[in-house]
Amino acid sequence: LDGDLDGDLEDFGIDADSALVPQVGALGRDRYVAWVHRPRADDSPLRFFESDWAEAATRTPWWLVPLVWLPIAAYAGFVGFRLAMDEGFGDFGFGFGF
């Protein structure tokens with residue numbers, strides 16, 4: 001890699017200080033594919049959206065996803081199990097997906 005990573009972005013017409021999503025749509029298919037396959041070894045984060053709240057939603061800690069979805073999935077599984085038992089499928093039906 002050469003040291004001019006911002007120059008690589010500028011080669012594609014992308015401003016590293018502005019939101020990426022509006023800029024990427026203007027690249028076109030071929031330039032987009034070339035851009036995403038060029039490695040960028042820079043630790044500075046790029047901004048995806050212009051809106052502050054949308055940008056904040058793109059950065060979540062790893063543990064937040066299971067913290068939100070595991071209780072929802074457990075509840076949905078419990079409700080599904082109870083409905084299957086109430087419908088008379090019993091252990092046989094639930095075990096075989098009926």
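Computation of the quantities below employed the complete heavy-atom set of this structure, encompassing side-chain atoms and omitting hydrogens, waters and symmetry-equivalent molecules.
- Put simply, the side chain of L27 reaches to within 4.5 Å of the side chain of I14, judged on heavy atoms.
- With values rounded to the nearest 0.5 angstrom, W35 atom CH2 is found 8.0 Å from Q23 atom CD.
- Taking 4.5 Å as the limit, some side-chain heavy atom of R38 sits within range of a side-chain heavy atom of F12.
- Minimum interatomic distance between P71 and P66 (heavy atoms only, all atoms of both residues): CD-O, 3.8 Å.
- For the atom pair W53 CH2 and T58 OG1, the distance stands at 11.0 Å (nearest 0.5 Å).
- Linking ILVMFWY residues whenever their side-chain heavy atoms come closer than 4.5 Å, directly or via other members, places W63 and V68 in the same cluster.
- Looking at D15 and R47, no side-chain N of the basic residue comes within less than 4.0 Å of a carboxylate O on the acidic one, giving no salt bridge.
- Interatomic distance, CZ of F48 versus CZ of R59, reported as 6.0 Å (0.5 Å rounding).
- The number of heavy-atom neighbours closer than 6.0 Å to CZ of R82, taken from other residues, nucleotides and ligands shown, is 12 or below.
- A continuous path of ILVMFWY side-chain contacts below 4.5 Å connects L67 to W62, so both sit in one hydrophobic cluster.
- The side-chain heavy atoms of S18 and E50, taken from C-beta on, include no pair separated by under 4.5 Å.
- Here the shortest heavy-atom pairing between A19 and F49 reads CB-C, 3.5 Å.
- L70 and L64 are assigned to two separate hydrophobic clusters, defined by single-linkage of ILVMFWY side chains at heavy-atom distances under 4.5 Å.
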